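Remarks on the structure that follows.
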Amino acid sequence: MTDHPDLTLRVADMEDASSLAALSLEVWVGTYLREGVSGFFADYALAELTAARFETHLANPQEHFIVSQNRVGIDGYIRLSRGSPGPVAGCSDVEITTLYVQPRHHGRGIGTALLRAALAHCAEEGAARVWLASNAENTPAKAFYLSQGFDRVGETQFVIDDQSYLNDVFARLSGVSLAVRGRR
């Protein structure tokens, strides 16, 4: 469970687009731009993590967003993408595209609650397996996914223009497992 007293999980709607963009910018910049902000990465983040992009994602029936909302606003979200075949064997076509929680809310169980809700949604939709990719240098994220019953099944590259970055690929069953046992 969470120690976040005002936590509510709900399906995202169009009105959440700007909040999702702002939260994504905060988490992406804080996670991946540890040594300074170059124009290359700033241009990428400001082009990709916009309210208009999130409106497009939210309108796509292949996408499913669950947000964590406290009494003030959204503090985390998970994005599922159906029709996204994994880059290695052992993956399905359902990807956990993003799981972001504001850093100041880490350790409160929000990420676990979002993941459980997403896995339950996948099981309800008949998706037996899910996969995700995590930056190979993001040790906390990788440890979290392993603790939630994911297995590392390979590697892929995250590409921005002509630059690529190693990502680990993880997969797991969406039904009963370590993360949801006893919760069904």
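Computed from a prediction, not measured in an experiment: that's the story for all the values here. Position 1 is the first residue of the sequence; numbering continues from there.
- Side-chain contact check for R82 versus E125: some heavy-atom pair is nearer than 4.5 Å.
- Residues forming a side-chain contact (heavy atoms from CB on, under 4.5 Å) with R152 (at least two apart in sequence, or on another chain): E155, D168, F170.
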Checklist entry - Taking it one step at a time, do T97 and L80 satisfy side chain to side chain contact (heavy atoms under 4.5 Å, CB included)? => result CA-CA 6 Å; T97 311; L80 297 165; over 6 Å; no
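- Across every non-hydrogen atom of Y165 and N135, the tightest pair is CB-ND2, 4.4 Å.
- Between the side chains of H57 and R79, at least one donor N or O lies within less than 3.5 Å of an accepting N or O.
- Between the side chain of H106 and the backbone N or O of V101 there is at least one donor-acceptor pair closer than 3.5 Å.
- Between D16 and R10, at least one side-chain nitrogen of the basic residue sits less than 4.0 Å from a carboxylate oxygen of the acidic one, meeting the salt-bridge criterion.
- Contact detail for L114 and I66: the closest heavy-atom pair is CD2-O, 3.5 Å.
- S68 places no side-chain N or O within 3.5 Å of a backbone atom of G76 that could act as its donor or acceptor partner.
- One finds the OG atom of S84 at 4.0 Å from the CD atom of E95 (value rounded to the nearest 0.5 Å).
- Of the N and O atoms on the side chains of N167 and T156, not one donor lies less than 3.5 Å from an acceptor on the other residue.
- L49 CG to T98 OG1: the interatomic distance, rounded to the nearest 0.5 Å, is 8.5 Å.
- Hydrophobic clustering keeps L20 apart from V11 (ILVMFWY residues linked when any side-chain heavy atoms are closer than 4.5 Å, directly or through intermediates).
- Heavy atoms only, all atoms of each residue included: P85 and W131 are closest at O-CZ2, 3.7 Å.
- One hydrophobic cluster holds both L132 and L146 under the rule that ILVMFWY side chains link at heavy-atom gaps under 4.5 Å.
- Y77 and V72 fall into different hydrophobic clusters, where Ile, Leu, Val, Met, Phe, Trp and Tyr side chains are chained together by heavy-atom contacts under 4.5 Å.
- Between the CZ atom in R116 and the CD1 atom in I78 there is a gap of 12.5 Å [rounded to 0.5 Å].
- The two atoms that bring A17 and F54 nearest to each other are O-CB, 3.8 Å, heavy atoms only.
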Next on the checklist: Before you tell me yes or no, could you show the steps for L115 and I96 under side chain to side chain contact (heavy atoms under 4.5 Å, CB included), namely the whole-Å CA-CA distance, both residues' side-chain angles and the distance that decides it to 0.1 Å?
Outcome noted: CA-CA 9 Å; L115 182 58; I96 296 174; 3.6 Å; yes
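- Residues A21 and T50 come closest through the heavy atom pair CB-C, 3.5 Å.
- Formation of a donor-acceptor pair under 3.5 Å by the S174 side chain with backbone atoms of A127 is found in this model.
- With respect to R104 and E26, a salt bridge is recorded, a charged nitrogen being found less than 4.0 Å from a carboxylate O.
- R108 CZ to Q102 CD: the interatomic distance, rounded to the nearest 0.5 Å, is 10.0 Å.
- In the hydrophobic clustering (ILVMFWY side chains linked at under 4.5 Å, chained through shared members), L166 stands by itself.
- Between Y44 and W28, the angle of the ring planes lies from 30° to 60°, which puts this pair in the tilted group.
- Between the CG atom in N138 and the NZ atom in K142 there is a gap of 8.5 Å [rounded to 0.5 Å].
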Checklist entry - Which is it for E63 and S81 under the side-chain hydrogen bond (donor to acceptor under 3.5 Å, both in side chains) test, yes or no, and what are the steps along the way? => result CA-CA 5 Å; E63 303 276 343; S81 301; 2.9 Å; yes
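- For the side-chain contact (heavy atoms from CB on, under 4.5 Å) test, no residue two or more places apart in sequence or in another chain qualifies with D43.
- With values rounded to the nearest 0.5 angstrom, E15 atom CD is found 9.5 Å from L58 atom CG.
- Using a 4.5 Å heavy-atom threshold, the side chains of T112 and F144 count as touching.
- For the pair C122 and V130, the tightest heavy-atom approach, listed with the atom from each and the gap, is SG-CG1, 3.4 Å.
- Linking ILVMFWY side-chain heavy atoms closer than 4.5 Å, directly or via other members, places Y100 and L46 in a single hydrophobic cluster.
- A continuous path of ILVMFWY side-chain contacts below 4.5 Å connects L9 to L119, so both sit in one hydrophobic cluster.
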